[in-house]
Visitor: 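Can you keep this structure in mind? I'll have questions shortly.
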Protein chains: 2
Amino acid sequence: MGSSRKPSDGDGPAGETVGEIAYRRLRADILFGRLAPAEKLRLDRVSRTYGTSVSTMRELLNRLGSEGLIVAEGQRGFEVAPVSPDDFREVAAMRQLLECHAIEQSFAAGDLDWEGRVVAAHHKLSVMEGRMIAGDRADPQTWKRCDWEFHHALISACGSRVLLQMHGAIYDKYLRYQMIAVIFRGEVAAREHQRLLQCALARDAATAQGVLVTHIQSCVEHALAGDTTAWFKERSGPGPRDDARGGIHGRSAAPARD
Amino acid sequence: MGSSRKPSDGDGPAGETVGEIAYRRLRADILFGRLAPAEKLRLDRVSRTYGTSVSTMRELLNRLGSEGLIVAEGQRGFEVAPVSPDDFREVAAMRQLLECHAIEQSFAAGDLDWEGRVVAAHHKLSVMEGRMIAGDRADPQTWKRCDWEFHHALISACGSRVLLQMHGAIYDKYLRYQMIAVIFRGEVAAREHQRLLQCALARDAATAQGVLVTHIQSCVEHALAGDTTAWFKERSGPGPRDDARGGIHGRSAAPARD
DNA sequence: CATATGATGTTTCTCGAAAAATCAGATTGA
DNA sequence: TCAATCTGATTTTTCGAGAAACATCATATG
C-alpha cells in the first residue's frame, strides 16, 4: 500500500516506534515457530528479550491476543496460542472458504494491472521454489513471503478490503502451522502454483478453486500424517479461549456512562 | 485508583480487572454509535472518561485497533474507525459468506441440544421483537443481543471455533452499522427470523441461506437508502488502514534475535 | 494419610511522570 | 503575498515502581 517509507530503510524503518519493531519481531517469532506453542510468556522476561518495558510489552501482547496468536487468561498472564490438529483443520477450511470466494471475485474483476501483479508474483515465487527444490533451504522467510505475495496477488482484485484483511489474518495462522510442521512439498506445490497462474490468466475461477482446495487439503493431510504428538505440550485441548470478549457477545454490555 | 473494588459492583463480573471493564464499555460505546465514527480519541481525555490511566487505556485502544474498531495512525494517536457505504457493503457481504457457510455445516451436524438452543433463542428474540414493534424502544442493547444469540445459535453446531470467532467479529461490525443507521425493520425482520427457525428445524440449509441473504441485503439497502452523507465527517474514504501490520505481509520479517 | 489453612515469594496489573514527537501559530526573508 | 523556519504548547510514547492477585510450600488438623 502506498504509505510513504523512507528511501533507505533496511530493517527497522527509521521513524518507527520501539513498540512497532518489537511487535513485528514477536509476531514473526510466533509465526515461524521460534516461540513454542503454549509457551508461557512472563512479562519481565519477554520484555527484556525484545528490549522494551513491561508496559509496552503488555500493549503488544494484548494486540496479538486480539489477533488470536496469544491467549491471555484472566490475570494469570499470557502464553503463545496453543496448536491442535482440529484447529489446523479449521484454519485450513477457513482459508479455503475465503480464498475461493476471493478468487471468484478477483478473477471476474481483475484488470491488466492485476494480471501484471500475478505474473510478477508468480515469477518470484517460481524462482524461490526452484532454489528450495535444489536444496537451498536457507531462507524460509522470503520463500514464504513470495508464497504469500502470489496468493495475495491472485485475490488482490476482489474489491473488498474486509475480505483481504480477514484472509491475511487467517493466512498467517495457516502459515504458522506450515512452519511448525516443517512442510516441504516443493515440486507438487510448485506445479499447483503454475496451474493457478494459468487459471488466473484464463479467468477460470472454477478450476482455480479446485486446484486451491487440493493445494490446501493435501498440505493439511501431509502435515497431519506426521507425528502430531510432538505439537502438544501436556494438554493443549480447546483450552480457555477468548471467552472474555467484550461487546454484545460475552455478557450484557455495560451502560454508557458511569 | 488503588482502592479495592466494592463487593457489590453491579457493573462487571466480580473479580474482573479495571481494564476489562473499561474495554467492554469502550467497545460497546463504539458499537452502539455513542462514539462517532472517525472521532479523535485523545489519550488523556478518554482514559479519564473510562476511569483508567493512559497506559491501561493504550492497551485497550491497541486491542480494539487490532479488531478494526479503532485506527491508530503512526504516532499521531487513535480514532474511532471511520464508516463508509463501501465498507458497510463489504462487511455485509462478509457476514453473508461466513454465515451461509456456517449454516450449511450447522444444519447438517446439529443435534437435539442444538435444536433446543435455536428454539429458545428464537423465543426470546421473538418476545423482544414484539416489544420493539409495539413501540417500546427503550433497550436496543438487549434486543440486539437477542438477535445475536439467535443467529449464533443457528450456526453454533458448525463445528469450527475459528469460523464462529470470525463470524462474531464481523457480526459486531455489521451491528455497528445497524446502530448508526438506526434501523427498525420490525415486522419484516421478525418474519425472516421466523422463517429461519422453520428452515433450521427442517434442516433446509439452502432455503435458509436464501432467507439470510435477503435478510442482510435488504437491511443494507434500507440503510443506504437514507441519508448516508451524515455518516461522513469530512473525508473518511479508505483512509490509512492498518498498513503497519507485522508478520509476513507488511515487509520482510525481522531476524529472530538482535 | 488426606485435606484445609496460612505465610511467603513471584507475577501481573495499574498508575503517574519523564522523554520524544507532533501540531499550531508567529516570525522572517524573498 | 507566499513559503519556509522557528518556537511554544499539546499529545503521544516509553518507562519503572507500587499495589493487587496468584502460586507455592510448609504446617496444622480431622
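Any value given below was found using the heavy atoms of this structure, including those in side chains, with hydrogens, waters and symmetry copies removed. Chain letters run A, B, ... following the sequence lines, proteins first and then strands; every chain starts at 1.
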Visitor: Closest-nucleotide mapping onto DNA chain C: is B:V54 or B:E59 further toward the 5' terminus? I mean the 5' end.
Guide: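 It is B:E59 whose nearest nucleotide is closer to the 5' end.
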Visitor: For B:D44 and D:dA9, what is the distance between atoms CG and P respectively, to the nearest whole Å?
Guide: 18 Å
Visitor: Taking salt bridge (charged side-chain N to carboxylate O under 4.0 Å, His left out) as the criterion, tell me which of B:R48, B:R42, B:K40 meets it with B:D44.
Guide: B:R48
Visitor: C:dA20 P sits how many Å from B:L43 CG, rounded?
Guide: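 It works out to 18 Å between those atoms.
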Visitor: Are OP1 or OP2 of D:dT10 and a side-chain N or O of B:K40 less than 4.0 angstrom apart?
Guide: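 No, outside the criterion.
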Visitor: Say whether, by atom type as modelled, one donor and one acceptor occur between the side chain of A:Y177 and the main chain of A:P85 under 3.5 angstrom.
Guide: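 Looks like no, no N/O pair under 3.5 Å.
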Visitor: Output yes when at least one side-chain N/O atom of A:T17 is less than 4.0 Å from OP1 or OP2 of D:dT14, else no.
Guide: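 Answer yes for this pair, as a side-chain N or O of A:T17 is under 4.0 Å from OP1 or OP2.
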Visitor: B:Y50 and B:I21: side-chain contact (heavy atoms from CB on, under 4.5 Å), yes or no, with the steps?
Guide: CA-CA 9 Å; B:Y50 290 91; B:I21 295 168; over 6 Å; no
Visitor: Please report the distance, rounded to the nearest Å, between CZ in A:R48 and P in C:dT11.
Guide: 10 Å
Visitor: What is the distance from CD of A:E16 to C1' of C:dA21, rounded to the nearest Å?
Guide: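 My rounded result for the distance is 13 Å.
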Visitor: Tell me: OH of A:Y50 to P of D:dT14, nearest whole Å?
Guide: 17 Å
Visitor: Between C1' on D:dT12 and CD on B:Q75, what's the gap in Å once rounded to a whole number?
Guide: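 Nearest whole value for this atom pair: 8 Å.
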Visitor: Between B:R76 and C:dA21, is there a contact of a side-chain N or O with OP1 or OP2 at under 4.0 Å?
Guide: no
Visitor: Atom CG of A:L60 and atom P of D:dT13: how far apart are they, to the nearest Å?
Guide: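 Answer to the nearest Å: 12 Å.
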Visitor: Respond yes when some side-chain nitrogen or oxygen of A:T56 is under 4.0 Å from OP1 or OP2 of D:dC15, and no when none is.
Guide: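 For A:T56, the contact criterion (side-chain N or O under 4.0 Å from OP1 or OP2 of D:dC15) is met.
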Visitor: So do B:K173 and B:R95 actually touch side chain to side chain, heavy atoms under 4.5 Å?
Guide: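 No, too far: nothing below the 4.5 Å cut-off.
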Visitor: Atom CG of B:L41 to atom C1' of D:dT11: distance rounded to whole Å?
Guide: 13 Å
